[in-house]
Amino acid sequence: MAAWPRLLRSAWLLTGNWHSAEDLLQTVLAKVYGRWARLRDGAPDAYIRAALANTYLTWGRRRWRGEIPVERMPDDASTDEPGEVALRQTVAAALARLPRRQRAVLVLRFHADLTETDTARALRLSVGTVKSYTARALTTLRADPALRGALVEEVSW
């Protein structure tokens, strides 16, 4: 599937780690498999991203997630510049500190590039609630000292 990397990045922004992101994406793809013939002609990426956000939000209500998180993953080879990796980790940590619904709204609005109306429809919220969650999340991120410090360092490169 050509869209796998894009969809996986969306799932990662929601979950904060690659393993959970893969689990989330695979769960969603299994759910939409039966509808694929109808989705293929429309906008499957948008539908799958909305399903990612909704499934992610329901995962928070589950008791057992099937995995035990670890503090640090083993080192692996990477082609990213050290500054990019640090910035990505800082952004991921800042997103992880947001409430789940605010994070889902930000991912759909800014990563999936959905409109406020489309985001509201995808998450079954009112447009006003989407605007409110967006404003609160962005205010929280702007006030986050770790994120602000990382962005200042990134600009000084």
Side-chain angles (χ1 to χ4, degrees), residues 1-67 69 80 84-152 154-155:
M1 168 182 245
W4 179 266
R6 284 191 314 272
L7 295 171
L8 185 60
R9 280 190 299 275
S10 293
W12 176 79
L13 286 168
L14 290 166
T15 63
N17 81 54
W18 290 109
H19 299 290
S20 294
E22 287 176 346
D23 289 346
L24 176 61
L25 182 53
Q26 289 173 4
T27 300
V28 167
L29 290 175
K31 284 181 180 181
V32 302
Y33 176 76
R35 296 181 212 110
W36 191 253
R38 288 179 285 163
L39 294 176
R40 186 177 54 216
D41 300 330
D45 276 13
Y47 183 85
I48 292 171
R49 282 195 170 105
L52 280 170
N54 284 313
T55 303
Y56 164 76
L57 290 172
T58 62
W59 277 13
R61 294 188 285 262
R62 289 185 351 181
R63 279 198 169 152
W64 172 248
R65 293 202 172 117
E67 296 180 7
D80 289 336
E84 291 176 16
V85 173
L87 180 60
R88 190 174 298 128
Q89 289 173 339
T90 303
V91 170
L95 282 173
R97 288 189 290 274
L98 291 174
R100 297 175 72 81
R101 287 189 178 265
Q102 288 180 16
R103 187 180 339 165
V105 166
L106 285 187
V107 169
L108 290 178
R109 288 279 294 123
F110 299 109
H111 183 68
D113 203 26
L114 296 184
T115 64
E116 290 169 340
T117 304
D118 291 339
T119 301
R121 189 176 306 120
L123 296 175
R124 297 180 200 103
L125 301 170
S126 71
V127 174
T129 302
V130 168
K131 290 179 180 181
S132 175
Y133 283 169
T134 302
R136 289 178 189 164
L138 291 177
T139 299
T140 301
L141 291 176
R142 287 181 185 122
D144 190 311
L147 188 57
R148 188 179 308 146
L151 291 173
V152 169
E154 183 68 21
V155 171

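Here the structure is a predicted model, which means the values were calculated and not measured.
- In this structure, Tyr133 contributes its side chain and Val105 its backbone to no donor-acceptor pair below 3.5 Å.
- Of all the heavy atoms in Arg6 and His111, the pair that sits closest is O-NE2, 3.9 Å.
- The OG1 atom of Thr119 lies 13.5 Å from the CZ atom of Arg124; values are rounded to the nearest 0.5 Å.
- Of all the heavy atoms in Leu98 and Gln102, the pair that sits closest is CD2-OE1, 3.8 Å.
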Tyr56/Val28 under side chain to side chain contact (heavy atoms under 4.5 Å, CB included): CA gap, chis, key distance, verdict | CA-CA 9 Å; Tyr56 164 76; Val28 167; over 6 Å; no
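- Side-chain contact between Val91 and Leu87 is present, with at least one heavy-atom pair separated by less than 4.5 Å.
- For the atom pair CG (Leu29) and OH (Tyr33), the distance works out to 11.5 Å, reported to the nearest 0.5 Å.
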Take Thr140 and Arg97 through the test side chain to side chain contact (heavy atoms under 4.5 Å, CB included) and record every step on the way to the result.
-> CA-CA 9 Å; Thr140 301; Arg97 288 189 290 274; over 6 Å; no
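- For the atom pair Leu52 CG and Trp12 CH2, the distance stands at 14.5 Å (nearest 0.5 Å).
- Annotation for Asp118 and Leu114: closest pair CB-CB, 4.0 Å, computed over non-hydrogen atoms.
- Counting only heavy atoms from C-beta outward, the side chains of Thr134 and Glu116 never approach each other to under 4.5 Å.
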Does the pair Leu123 and Leu57 meet the rule for a side chain to side chain contact (heavy atoms under 4.5 Å, CB included), with working shown?
-> CA-CA 9 Å; Leu123 296 175; Leu57 290 172; 4.0 Å; yes
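- Here the side chain of Arg103 pairs no donor or acceptor atom with the backbone of Leu13 at under 3.5 angstrom.
- The structure places CG of Leu24 at 11.0 Å from CD of Glu22, a figure rounded to the nearest 0.5 Å.
- Between atom CZ of residue Arg101 and atom CG of residue Leu125 there is a gap of 5.5 Å, rounded to the nearest 0.5 Å.
- Residues Leu106 and Leu141 have side chains in contact (heavy-atom distance under 4.5 Å, counting atoms from C-beta outward).
- Nearest heavy-atom pair across Thr27 and Asp23 is OG1-O, 2.7 Å.
- Closest approach of Ala94 to Asp144, counting heavy atoms only: CB-OD2, 3.7 Å.
- Between the side chain of Ser132 and the backbone N or O of Gly128, no donor-acceptor pair lies under 3.5 Å.
- For the pair Val130 and Leu108, the minimum side-chain heavy-atom distance is 4.5 Å or more.
- Ser10 and Arg49 get closest at one heavy-atom pair: OG-NE, 2.9 Å.
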